Amino acid sequence: MKKAVLAVVSGAAVVAAALVPSGPSVEAATSSPRAHSAPRGFASALSAVQQSSWQTNASVNTLAVAGNVVYAGGLFTRVRPPGNAAGVGDAARKYFAAFNRTTGVPTRFAPKVNGPVWSVATSADGRWLAIGGDFTVIDGVSRQHVALFDVAAGKLVAGWDPVVNYRVAAIEITGNTVYLGGSFGKVDKVTRNRVAAVTLDTGALLRWNPDANDDVHAIELSTDGSRIFVGGGFTRIGGRDEHALAMLNTTSGAAFAMPAAAAIPERSADCDSRVKDLEVQGNKVFAANAGSGIGCYDGVLAADATTGELLWQSHCLGATEAIKALGNWLYKGSHAHDCSEDGGFPDKTGMHHLLVYSAITGKLGPWFPNTDAGGQTLVGPLAFASGGNDLWAGGDFTAVNGVPQEGLTRFDNVPGGATPARPAAPKVASARANKVTVSFATVLDRDNIALTYTLYRGTTRIGTWSRSSYSWTKPVTTTITDAGLSSGQKLAYYLEVSDGRNVQRSPAAAVEVR
């Protein structure tokens, strides 16, 4: 049996100040999905304006937040300041890095990892940090695909060394248990097919053994701690035939009925849809799927976390790799290219890598920042994490909202948001006596759908309208008649567009009244 290794950290561990810098108090991001333009300038929980952060030289596969620190793992080997080209002002961070959540600047915590990191998790109190991946050595010490750090000391936990024989792609820490998922077949030379559990205090292997018959990509604990949700490519787990999504007993490993899994198509030669990420919020669990094969299911679903019943389902095409719930919104990272089945954008309108759904209804919401896609996956965003009022996104992208930014970015809920596009001058004409016809077209805003349009004749307000617009549809034109004017008057009309905080004014358009 392995000896107990987690001791109480003494006050002498002053390194903690550098590793977990203090930050501002967190304001929960809870905007209602029924809201239109909010006084903050954006209608969902987050602004679509990316905030400054350092970047990486290759893909970020996984993210986790504890306090004011963001932990990132992936394929990268160096990090660099925002705005810098590759190789300029960079610093070594092989496969793993930690960043200040407030500033986006890397901390001094820089363990030397000899292989890619695919999973990162922290304990609820932020005291312990676990990573999993393809590595076998950390800081010169043998660690076979999983490792545990004492966050305050900034060091590996001595003696905590489960020997996993292949990749660990998912980790969840709860109480004194660390759940592992991935592609492995043995832990400490004992058969554990793709899912296992070890103790947090010693790393000893537990009897918990759901025995999945294919890879596990995601693990999440239920809010009450009684159930573990597992996502992957399996078709049997916990003694039941369950495809891609399962709900397991945390004590026995036995699978409960998960009716929502039936919404994921059965594996076939033409379609293999796998759950790539999971998110639990209250009594809901959300699952993100990526399918291989043309038209194979790539969507997101919501299920009751107790009964497993399906609550709603999105059918957008374009593999979904990351999801995160904030307030009444569910953010997703994917390479969505066709959401027509959900009443959204049709195919051939480009890739929409960052989107949001109402967590209540599953309908697409008002948040349209974007990244590109590159690297090995050609997806774009691959991982999300949040401290409650922000969203960190990692992936294989090299640009965010058209600005160079590789591997890592962040969004927050600081008031402001994206500014509506500047409207064109209204089109004006006076074809009838004492009347002027005025037309104006809608504009786009990356974090609002409904905007307020106010038309002025000189200093006189003619009227105000609420209009919705989407990047994948043609602008909507509104035409009004301004009557009761005097023949020969020379007038000027202009338009103001507001998202509740930001206002854009059009050029004026002149006309002489007939």
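All of these numbers come straight from a predicted model, not from anything done at the bench.
- For the pair Val117 and Val113, the tightest heavy-atom approach, listed with the atom from each and the gap, is CG2-CG1, 4.1 Å.
- With hydrogens and angles disregarded, a donor-acceptor distance shorter than 3.5 Å links the side chain of Asp224 to the backbone of Ser226.
- Side chains of Asn100 and Asn68: a donor-acceptor N/O pair is present below 3.5 angstrom, by distance only.
- Judged purely by atom type and a 3.5 angstrom limit, Arg227 uses its side chain to pair as donor or acceptor with the backbone of Thr306.
- Considering all non-hydrogen atoms of both residues, Cys271 and Pro265 come closest at SG-CG, 4.1 Å.
- Counting only heavy atoms from C-beta outward, the side chains of Ser59 and Phe76 never approach each other to under 4.5 Å.
- Neither side chain, Thr320 nor Asp298, offers a donor N or O lying under 3.5 Å from an acceptor on the other.
- Contact annotation: the side chain of Ile264 approaches that of Asn289 to within less than 4.5 Å [non-hydrogen atoms, C-beta and beyond].
- The structure places OG1 of Thr250 at 7.5 Å from CG of Leu221, a figure rounded to the nearest 0.5 Å.
- Using modelled atom types, one side-chain atom of Thr199 and one backbone atom of Ala204 make a donor-acceptor pair closer than 3.5 Å.
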- prompt: Step by step, would you call Trp392 with Phe411 a ring pair (Phe, Tyr, Trp, His ring centres under 6.0 Å)?
  reply: CA-CA 6 Å; Trp392 285 74; Phe411 302 89; over 10 Å; no
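- The only member of Thr56, Asn57, Asp90 that meets side chain to side chain donor-acceptor pair (under 3.5 Å) when paired with Arg78 is Asp90.
- If you take CE on Met351 and NE2 on His337, they are separated by 5.5 Å, rounding to the nearest 0.5 Å.
- The shortest side-chain heavy-atom distance between Asn389 and Arg101 falls under the 4.5 Å cut-off.
- Note that CD of Gln281 and CD of Glu220 are 11.5 Å apart. Values are rounded to the nearest 0.5 Å.
- Between the side chain of His315 and the backbone N or O of Gly299, no donor-acceptor pair lies under 3.5 Å.
- The cationic atom of Arg143 (NZ for Lys, CZ for Arg) does not lie both less than 6.0 Å from the six-membered ring centre of Phe135 and within 45° of the ring axis.
- Between Thr122 and Phe149 there is no side-chain heavy-atom pair separated by less than 4.5 Å.
- The heavy-atom pair separating Arg192 from Asn209 by the smallest distance is CD-OD1, 3.5 Å.
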message: Using the rule given for salt bridge (charged side-chain N to carboxylate O under 4.0 Å, His left out), can you reason through Asp390 versus Arg410, listing the C-alpha separation, both sets of side-chain angles and the distance that settles it, and then say yes or no?
response: CA-CA 7 Å; Asp390 56 4; Arg410 65 187 178 112; 5.8 Å; no
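- The OG1 atom of Thr307 lies 8.0 Å from the CE atom of Met258; values are rounded to the nearest 0.5 Å.
- Taking the six-membered ring for Trp and thresholds of 30 and 60 degrees, Phe109 and Phe96 have ring planes more than 60 degrees apart, a perpendicular arrangement.
- Counting only N and O atoms by type, the side chains of Asp342 and Ser340 include no donor and acceptor under 3.5 Å apart.
- The two atoms that bring Gly333 and Leu354 nearest to each other are CA-CD2, 4.5 Å, heavy atoms only.
- A donor-acceptor contact shorter than 3.5 Å is absent between the side chain of Asp372 and the backbone of Val400.
- Counting only heavy atoms from C-beta outward, the side chains of Asn283 and Asp304 approach each other to under 4.5 Å.
- Side-chain contact between Val120 and Leu129 is present, with heavy atoms from C-beta onward closer than 4.5 Å.
- Between the side chains of Thr235 and Asp214, no donor-acceptor pair of N or O atoms lies under 3.5 Å.
- Across Leu330 and Ala325, no two heavy atoms sit closer than the pair CD1-N, 3.8 Å.
- Environment of OH in Tyr166: sparse, with no more than 12 heavy atoms of neighbouring residues, nucleotides or ligands closer than 6.0 Å.
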- prompt: What's the verdict on side chain to side chain donor-acceptor pair (under 3.5 Å) for Ser268 and Glu266, showing C-alpha distance, side-chain angles and the deciding distance?
  reply: CA-CA 6 Å; Ser268 69; Glu266 294 183 6; over 6 Å; no
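- If you check the side chains of Ser53 and Gln55, you find no donor sitting under 3.5 Å from an acceptor.
- Ring-centre distance between Phe368 and His352: not below the 6.0 Å cut-off.
- No donor-acceptor pair closer than 3.5 Å links the side chain of Asp150 to the backbone N or O of Val157.
- Not one N or O on the side chain of Gln405 forms a donor-acceptor pair closer than 3.5 Å with the backbone of Thr371.
- Atom-to-atom distance recorded for Trp329:CH2 and Ser44:OG is 6.0 Å, nearest 0.5 angstrom.
- Counting only heavy atoms from C-beta outward, the side chains of Tyr179 and Val216 never approach each other to under 4.5 Å.
- Judged by distance alone, the side chain of Asn61 and the main-chain N or O of Trp118 form no donor-acceptor pair under 3.5 Å.
- Side-chain atoms of Asn370 do not come within 3.5 Å of backbone N or O of Asn401 as any donor-acceptor pair.
- Closest non-hydrogen pair, Phe286 versus Ile323, comes out as O-CD1, 3.5 Å.
- A donor and an acceptor atom, one from each side chain of Tyr357 and Lys332, are located under 3.5 Å apart.
- In this model, no donor atom of one side chain and acceptor atom of the other lie less than 3.5 Å apart for Glu279 and Tyr331.
- Between Asp447 and Pro366 the shortest side-chain heavy-atom distance does not fall below 4.5 Å.
- Between the side chains of Thr174 and Thr177, no donor-acceptor pair is found at a separation under 3.5 Å.
- One side chain, Asn114 or Thr136, offers a donor N or O that lies under 3.5 Å from an acceptor on the other.
- The closest donor-acceptor contact from the side chain of Asn165 to the backbone of Phe184 lies at 3.5 Å or more, if one exists at all.
- Trp367 and Phe42 have their aromatic ring centers separated by at least 6.0 angstrom.
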- prompt: Checking salt bridge (charged side-chain N to carboxylate O under 4.0 Å, His left out) for the pair Lys112/Asp139: CA distance, chi angles, key distance, verdict?
  reply: CA-CA 5 Å; Lys112 294 179 175 60; Asp139 291 337; 5.3 Å; no
